[in-house]
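Treat the numbers as computed from the prediction; the structure is a model and nothing was measured. Below, read A as the first sequence line, B as the second, and so on, with proteins coming before strands; counting in each chain starts at 1.
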Amino acid sequence: MSSYRAELHEIARQLDLPQPVRARVLLELASDLAGLEAELVSTGMSAEEAHAEAVRTLIPSPESLRDLMEVHRPLYRRLVDRFSDPTRHRLERAALILASAALFAVGVIRLGRSGILANPAPLSGPLLGVALVVVVVSVWKTFSLAVRREHDLAKLRSGTWILPGAAFVAAVLALGGSVLDLYGVSGSLEADLTRQTTVLLAWLRRDMGLLSLGLLTSGIGLGMWLVIASGIARVEQTEAEIVSGFEHGTVRVQTERS
Amino acid sequence: MSDPVDLQALVRAINQALILAVLRNGPKHGYQIAVEAEASSEGMFAFQHGTLYPILHRLEKERLISGRWETVDGRRRKVYSLTARGRERLSDESAHIRSAFDMLTSVLEAGE
C-alpha cells in the first residue's frame, strides 16, 4: 500500500477541529484511502492509478473540509463565530477576567466571614495573590481545553507550569508566614507572659487560617495542573499516534466508538 | 399548490438519500459507500473530492446512520449502518425527491 502521508498532513494542517473529533476524522480518512486503494488494485488497477483514484475520491476539497468542520464545529465556536477574531479575543478575555474575579471574590468573602482576614498572619497578602494566580490560570486553561476545545498544543502548553509553581510558592508562603508569626508570638510572650492565653489563641487562629489557605491553594493548583496536564497529554498522544500512523502507512490508534 | 423546492436542499437530500439507500443493503465503510453509490447509479452519482464525509458525519450526528470502528488485518476502519430512524427518513426523502422530479418532468414535458 502506498503512503498518503503528504495528503494527510495537508488535511491535518487545515482541519481546525477539537480533539478527539479531529483524530477520528483523520483516522477514518487514512483507513478509507488504504481500503479503497486495496480494493481498486484487487480489480486490476495499477497501484499508481489506484492511489490517484483514492485521492481524487476521498481527499476532501477545501469546500468539503469546510462542510466537515461545520458539521463538527463545537457549540461554543458556533456561538462566537459571528464575531471577528479581535472582538472574540476581547470578549473571551473579559469573560475570563469576570469568571476569575467572581471565583476569587467568593473565596475572599468566605475567608472574611471566617474572620481570618480581620487579623491576618504574615504573608497572607502575597498568599492571596498566589491564590488569585491559581484561579486565573485554572479558569483560563479549563476554558481552552473544555469550552474552546483548543487543539493547538503550543497554545495549550503555554502557562501550565504556572500552576505547580504557584502551588509550591503557596506552600512556602504558608509555612514561611507561620514561622515568621511564631517569632512574633515568642517575642510577645517574652514581653508579657501574663497574656499568654490571648496571644496563643490569636496566633492559633491566624496560622490556622494561613496554613489552610496555603494548603487549599497548593492543592487546587496541583490538582488543576494534573487535570489539565492529563488533558494535554491525551491530545499529544492522539497527535503522535496519528503522525506515527502516517509514517508507517497504517493507522492503529485506539479510538472509542463514535 | 406544492411547496417551492430549494435546489441546494434537493441536491443535499439526493446525496443523503443515496447514502441511506446504499446502507440499506448492509453496513459499509466510507469508501465502499462511495464506490457502491457510483456503481449502482451507473456512474451518474459520484462522491468525489471527499464530499462523502460531511454528508456521512451529518447523517451520523442526526442518528440516521451509526458508525462503529472495527479492526481488519490490524487496521482500524469505520463502518456505517442504517438506523431505524434512517430507514424512515429514506422513505420520506424518496417520496419527496420523486415528487420534485415528477413536477420537474411535467414542467419539462408541458410544451411538447
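Using a 4.5 Å cut-off between heavy atoms, A/E63 does not touch chain B at all. Of the two parts of B/Y53, the backbone and the side chain both hold a non-hydrogen atom closer than 4.5 Å to a non-hydrogen atom of chain A. For a residue to count as touching a neighbouring chain, one of its non-hydrogen atoms must lie under 4.5 Å from one of that chain's; by this rule B/I55 does not touch chain A. Looking at A/L36, the atoms closer than 4.5 Å to chain B (heavy atoms on both sides) sit in the backbone and in the side chain alike. Neither the backbone nor the side chain of A/L40 comes within contact range of chain B; no heavy atom of the residue lies under 4.5 Å from a heavy atom of that chain. B/E38 does not touch chain A: none of its heavy atoms, backbone or side chain, sits under 4.5 Å away.
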Decide yes or no on side chain to side chain donor-acceptor pair (under 3.5 Å) for A/S84 and A/T87, but give the supporting numbers first.
-> CA-CA 5 Å; A/S84 67; A/T87 309; 2.8 Å; yes

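Using a 4.0 Å cut-off between charged nitrogen and carboxylate oxygen, B/E93 and B/R98 do not count as a salt-bridge pair.
Listed for the A/K141 side chain is no donor-acceptor partner under 3.5 Å among the backbone atoms of A/G159. Between the side chain of B/R63 and the backbone N or O of B/R85, no donor-acceptor pair lies under 3.5 Å.
Inter-residue side-chain proximity for A/E28 and B/W69 is flagged as met; some heavy-atom pair is nearer than 4.5 Å.
Ranking B/H57, B/H29, B/Q32 against chain A, the residue ahead of the rest is B/H57, based on heavy-atom pairs under 4.5 Å.
The ring of A/F143 has its center closer than 6.0 angstrom to the ring center of A/Y76.
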